[in-house]
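In listed order, ligands and their atoms are each counted from 1. Residues: numbered from 1 along the sequence shown.
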Amino acid sequence: MLDLKHKIESRTLRVGVVGLGYVGLPVAASLADVGFSVTGVELRADRVALINRGECPIEGIEPGLSDLLLRVTGSRKLQASTDYRDLSDCDVVLIDVETPVASDHRPRFAALRGACRSLAALMKRGVLVIVESTIAPGTTAGLVVPTLERFSEGKLNRDFFVGHCPERVMPGKLLKNLRTLSRACGGSTEATSETMVELYRTIVDADLDKTDVVTAELVKTAENTYRDVNIAFANELAIICETAGADFRKVRELVNKSPGRAVHMAGAGVGGHCIPKDSWLLLYGAESAKTELIATSRRVNDSMPLRVARMVEEGVQEAGRHIQECKVLLLGWAYLENTDDPRNSPSEVVAAHLKEWGAEVVVHDPWFSHLNVDPYALSDGVDAIVTMVAHDAYRNLDWSEFKKRMRSPVLVDGRHMIETAAAKRLGYIFRAVGRGVNSVSA
Ligand code: SAJ
């Protein structure tokens with residue numbers, strides 16, 4: 001490990017990064033930018049070609065990433081390849097491949113296993129392999145190490161070392177999060193953790209916390225599980241407010257005045273690439289632990305899109321219609337406000353339920369070019385409008401204009417975008433997450 005520390009100090013360390021996506025590309029480019037020679041291996045030849053031309057294959061607005069990429073590929077400090085053999089001379093290899101969770105809530109580690117197997121066959125003696133992908137607790141010991149030992153015929157902490165440093169990327173803030181968020185540096189030995197801190201110190205301004213591998217595996221999955229459980233509490237409180245005829249937002253505001261309270265925001269569901277899956281990764285890694293809250297929280301959050309679809313069905317019934325003859329407009333397709341990321345979007349689930357019941361569904365979203373049409377024209381003849389995403393662009397809509405154009409005046413608010421009194425004054429049949437049918441607005 002001393003040798004690696006010297007190479008880090010002198011910037012002669014050769015770094016490999018497997019997987020040049022949201023996680024791998026920013027870290028590869030950042031390490032290259034501080035002077036390391038970095039080889040990125042990516043399965044997709046088209047992405048490799050783009051990157052080597054200094055072009056950024058990541059969609060969306062990522063401040064600083066395109067310029068950084070142009071700089072480090074121009075200086076050839078970063079080179080991309082499809083060939084694992086280009087990693088054979090690397091002293092440290094970061095693994096940044098996808099670790100998805102399937103519909104059975106169990107992780108699919110095929111990409112991780114494949115990366116370890118390909119790397120093991122050619123990695124040099126003494127290499128430090130650091131998994132940055134989010135993994136279930138126990139995956140390093142149960143999958144990464146055995147695969148590396150088996151296909152390298154080497155031994156952990158003798159012929160190679162491993163670490164886990166979970167990523168905390170967020171689309172739109174890839175470089176900012178990388179530089180400003182703390183990282184757990186879980187090493188297979190104390191010296192390994194120290195070396196990891198030395199390496200990440202070259203690109204991270206925040207805390208770098210030495211720890212063991214299992215703790216590092218728990219940190220990322222637990223921090224997102226914490227958020228999911230808190231959102232589930234907010235959603236259940238909203239359901240209680242609906243039946244109690246109260247306004248969740250007012251209850252939340254007054255509860256949060258109490259020290260140490262921070263009730264999250266109830267809504268039409270929980271989407272994205274992290275929160276819905278990390279709870280399942282945590283549970284998968286702790287199968288022997290008898291827990292209930294975490295899985296129940298997932299079910300609560302996953303029930304919210306159906307709850308919103310049922311509000312549409314109730315609303316059109318009140319308007320004297322059957323859902324199967326209705327047309328519904330969803331405002332928002334992204335999983336999160338002011339983003340163009342549709343992964344695991346609650347809107348997709350609401351649309352599926354409504355279509356299953358025979359309704360026609362039209363979608364608007366200013367962040368998707370093919371959905372960024374005139375929302376008022378889109379509302380001609382619809383029977384219900386649903387606010388699914390709290391995009392800033394939806395803050396100043398003309399609800400009276402919508403009402404004029406609709407066939408039936410049903411409005412369902414999934415993200416606290418309209419006051420109850422205003423909706424009723426305009427003559428809407430109104431439903432909202434967290435607000436009873438007769439509740440008074442906050
Ligand atoms: N949501 C709610 N109520 C809330 C908060 C979120 O319903 O109070 C919903 C959102 O609408 C969205 C989903 O949950 O559909 C996820 O929202 P998010 O704000 O958690 O955004 P993510 O999925 O991008 O979460 C990421 C996570 N960061 C990483 O995994 C590195 C999370 O840990 C961060 O807290 C979050 O970004 C953030 O706010 O930065």
Side-chain angles (χ1 to χ4, degrees), residues 21-23 26-27 60 62 96 98-101 132-135 165-184 204 206 216-239 248-249 251-253 255-256 261-282 297-298 300-305 307-308 330-350 365 367 386-392 394 413-417 432-434:
Y22 279 99
V23 182
V27 69
E62 289 300 343
D96 292 333
E98 60 158 8
T99 52
V101 169
E132 291 196 317
S133 307
T134 303
I135 50 181
C165 183
E167 48 80 12
R168 285 183 159 152
V169 301
M170 191 175 168
K173 301 192 253 182
L174 294 180
L175 287 181
K176 178 171 177 268
N177 277 17
L178 178 56
R179 180 156 291 283
T180 62
L181 295 188
S182 67
R183 304 284 291 264
V204 176
E217 291 171 330
L218 285 162
V219 166
K220 171 66 188 287
T221 48
E223 75 188 27
N224 281 347
T225 302
Y226 171 85
R227 188 164 177 80
D228 195 53
V229 167
N230 275 278
I231 296 170
F233 172 77
N235 283 331
E236 283 216 328
L237 178 57
I239 293 167
F248 162 82
R249 297 168 305 167
V251 172
R252 172 179 181 265
E253 178 200 337
V255 166
N256 284 349
R261 290 354 180 237
V263 176
H264 283 42
M265 187 50 80
V270 175
H273 51 293
C274 300
I275 305 300
K277 85 177 172 86
D278 288 357
S279 296
W280 296 121
L281 284 175
L282 178 59
S297 298
R298 279 279 69 239
V300 168
N301 290 336
D302 280 352
S303 75
M304 296 310 284
R307 191 170 183 79
V308 167
L330 301 186
L331 294 181
W333 190 248
Y335 84 88
L336 187 68
E337 57 271 16
N338 304 321
T339 73
D340 63 352
D341 191 336
R343 285 178 289 181
N344 298 314
S345 169
S347 301
E348 202 170 341
V349 183
V350 172
D365 193 308
W367 286 77
V386 190
T387 59
M388 284 300 300
V389 186
H391 288 317
D392 289 348
Y394 292 151
D413 189 0
R415 295 288 181 190
H416 324 288
M417 302 294 283
V433 169

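- With hydrogens and angles ignored, the 3.5 Å screen pairs no side-chain donor or acceptor of R298 with any backbone N or O of S279.
- Of the possible donor and acceptor atoms, one in the side chain of N301 sits under 3.5 Å from a partner among the backbone N and O of D228.
- What you find for W333 and D365 is that their closest heavy atoms are N-OD2, 2.6 Å.
- Listed for the N338 side chain is a donor-acceptor partner under 3.5 Å among the backbone atoms of D392.
- Between R183 and E132 a salt bridge is recorded (basic side-chain N to carboxylate O distance below 4.0 Å).
- Note on ring orientation: taking the six-membered ring where Trp is involved, the planes of Y22 and H273 are parallel (angle under 30°, cut-offs 30° and 60°).
- Using a 4.0 Å heavy-atom criterion, the residues that approach ligand 1 are R168, V169, M170, K220, N224, R227, I231, H264, M265, G269, V270, G271, H273, C274, I275, Y335, L336, R415.
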